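All of these numbers come straight from a predicted model, not from anything done at the bench. Just so it is clear: chains get the letters A, B, ... in the order the sequence lines come, proteins before strands, and each one is counted from 1.
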Amino acid sequence: MAKRTRSRTPRLWAIRIGVVAATFLMSVTVVANAAANAEEDKVRTAVRGALKAQQEVGLPPADLAAGRMSDRAKEAIAAAGEKRLREYFSGDQLKFAIQILADNIDEQSSGELRHQAAGVKNLVLTSVAIDEDIATVTATATVWARFTLLRESDGELQPAEPSNGMMFELTLNKIDGKWLVVQEKMRFAPGESP
Amino acid sequence: VKRLASMLATGAFLLSTAPVALAYSPTNAASYANQWVRDSEEGGALRNPDYPNFGNDCANFVSQALFAGGYDMQGFDGDTTKYVNWYIYKENFLNWKHSMSWGSASNLLNFLYYDGPGGSPLAHKTPAQGTSGFHQSGGATGDVIFYDWGLGEGISHVAIQVGYGIDNQAPAWEGSLVDYHTTDREKAFWSLRPHNANRAATTYFTVVKINSAN
């Protein structure tokens, strides 16, 4: 009887150690997956914010629906737009986004063209891959805008509200703990060009 | 004459029913564009069966219109990659042979610059340039407009100017009008601005005057 008990004890300990080790490994895996998922969520949020921001910045306040835009108004729109872009873009891509913002403001300067609203809808992130501090994302979305053009012949405002399906490829870097878009390639989806 | 000789030599003349003209007529080019730009009743795609249909058909369509307007094919059956050559013909019942300049917007622009008298740039502008950036200056019916969507692809679209009036699909927009294929539009406002929602890039335009001596 005593012999049997002695022979069972090491086996029981082995099973116990095995169970503890498996539980530990599972816990580590669960924690790692949760961390990875959390990181992916951050990347997704950053991409959504970036695509939305670049389409929305440069919109004038409602009281500037028509007419020449003052330098002060332009500077205010530029400052607010640049601040928002800096939350999502970095490096050359940030410079590019700021330049586009400047173009968007310039084209509204004379009052001939005026942006009223813009946005992104049907945004789908089709793939997200993260390798340490670099993430690559592909996405599709429909960009839309509402604006008016002043008709020369009668001074009437000509409205337009186009929308185009687009495809995006973005590279993000994790900089100081924050995911920022450092490269963006986009093209019109088939059959969606202007 | 040069074209007829080269076409007869290759037998292509017998396989093509494309109209033949002897000098560039902007009106004829615009008429052709209006006839084949899209099915105006059904609103769908319309293609001249005498030509191939490319997926991105804009340059093929404008080339057809220029040819219908009397712009002679050049360097017939020559090296398809050279800018100086601009042609298309049906090699056999299955295949078409064409220069890159016939079916690609950027190559068509290069051809028009290289060819003599060819075409000459009237304007190259972005919407943000000055206060008149949205108004066509100097372009007329039969001239062509090239587009760079500002997405890093360079020039990737071309349309032909067909007159002045109100955009077919954006009724409030009045100005110079163009026809084009790919997304087929008939009599669209020349800058295509009422059809472009992308604010993350700037569209660049190159307006090319087609010399009537072609």
Side-chain angles (χ1 to χ4, degrees), chain A residues 50-51 53-59 68 85 96-97 99-113 115 118-121 142-154 156-168 183-188 190-194, chain B residues 44-45 55-58 105 125-137 145 147-154 156-159 164-167 169-176 178 180-185 188-205:
Chain A
L51 296 182
Q54 70 182 4
Q55 185 69 4
E56 291 177 357
V57 291
L59 294 175
R68 182 170 283 278
L85 291 171
F96 180 75
Q99 181 56 53
I100 295 298
L101 168 65
D103 287 348
N104 273 270
I105 295 169
D106 277 354
E107 71 177 357
Q108 302 177 81
S109 179
S110 68
E112 193 178 20
L113 183 123
H115 295 287
V120 177
K121 59 186 179 183
T142 301
V143 297
W144 65 271
R146 190 167 72 238
F147 49 83
T148 55
L149 182 74
L150 192 68
R151 186 160 50 206
E152 265 187 341
S153 58
D154 57 9
E156 289 290 314
L157 293 175
Q158 308 171 89
E161 192 165 345
S163 65
N164 307 89
M166 301 206 70
M167 303 161 82
F168 302 87
Q183 189 179 54
E184 180 185 16
K185 293 178 186 170
M186 61 182 122
R187 61 182 191 276
F188 291 108
E192 291 288 323
S193 61
Chain B
N56 293 320
D57 202 52
C58 59
K125 55 190 167 189
T126 69
Q129 269 180 353
T131 56
S132 60
F134 284 90
H135 295 284
Q136 247 278 44
S137 53
I145 304 178
Y147 302 85
D148 174 348
W149 303 127
L151 303 176
E153 298 170 324
S156 58
H157 186 52
V158 60
Y164 186 94
I166 291 171
D167 186 302
Q169 293 167 298
W173 287 61
E174 182 184 349
S176 299
V178 294
Y180 57 94
H181 277 179
T182 299
T183 298
D184 300 357
R185 289 195 201 280
F189 187 86
W190 74 277
S191 73
L192 312 189
R193 193 56 198 245
H195 309 290
N196 190 358
N198 180 27
R199 299 181 70 235
T202 298
T203 303
Y204 302 87
F205 314 98

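In terms of modelled atom types and a separation under 3.5 Å, the side chain of B/T183 and the main chain of A/P194 share no donor-acceptor contact. No donor-acceptor distance shorter than 3.5 angstrom exists from the side chain of A/R187 to the backbone of B/G152, with no hydrogens or angles considered.
Residue A/F96 touches chain B through its side chain alone, counting heavy-atom pairs closer than 4.5 Å. Contacts of A/Q99 with chain B are absent, with no heavy-atom separation under 4.5 Å from either backbone or side chain. Only the side chain of A/A118 comes within contact range of chain B, with heavy atoms under 4.5 Å apart. With a 4.5 Å cut-off on non-hydrogen atoms, B/E153 touches chain A through its side chain but not through its backbone. Neither the backbone nor the side chain of A/L85 comes within less than 4.5 Å of any heavy atom of chain B. In this structure, the portion of A/E192 lying under 4.5 Å from any heavy atom of chain B is its backbone and not its side chain.
Heavy atoms only, all atoms of each residue included: A/P162 and B/A197 are closest at O-CB, 3.3 Å. When all heavy atoms of B/A200 and A/M186 are compared, the closest pair comes out as CB-CE, 3.5 Å. The minimum heavy-atom distance between A/V57 and B/R199, with the atom names listed, is O-NH1, 2.9 Å.
Remark: B/R193 qualifies as a cation-pi partner of A/F147 under the 6.0 Å distance and 45° angle criteria applied to the six-membered ring.
Note that the OG atom of B/S191 and the CG atom of A/L149 stand 7.5 Å from one another [nearest 0.5 Å].
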B/L151 vs A/M166, test: side-chain contact (heavy atoms from CB on, under 4.5 Å). Steps then yes/no. CA-CA 11 Å; B/L151 303 176; A/M166 301 206 70; 4.0 Å; yes
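When each of B/D184, B/L192, B/N198 is scored by its heavy-atom pairs under 4.5 Å with chain A, the top score falls to B/N198. The choice from B/W149, B/Y147, B/Y180 that makes the most heavy-atom pairs within less than 4.5 Å of chain A is B/W149. When A/I105, A/L157, A/V120, A/I100 are compared by the number of non-hydrogen pairs under 4.5 Å with chain B, A/I100 comes out ahead.
Looking at B/T202 and A/E107, their side chains never come closer than 4.5 Å, going by heavy atoms from C-beta outward.
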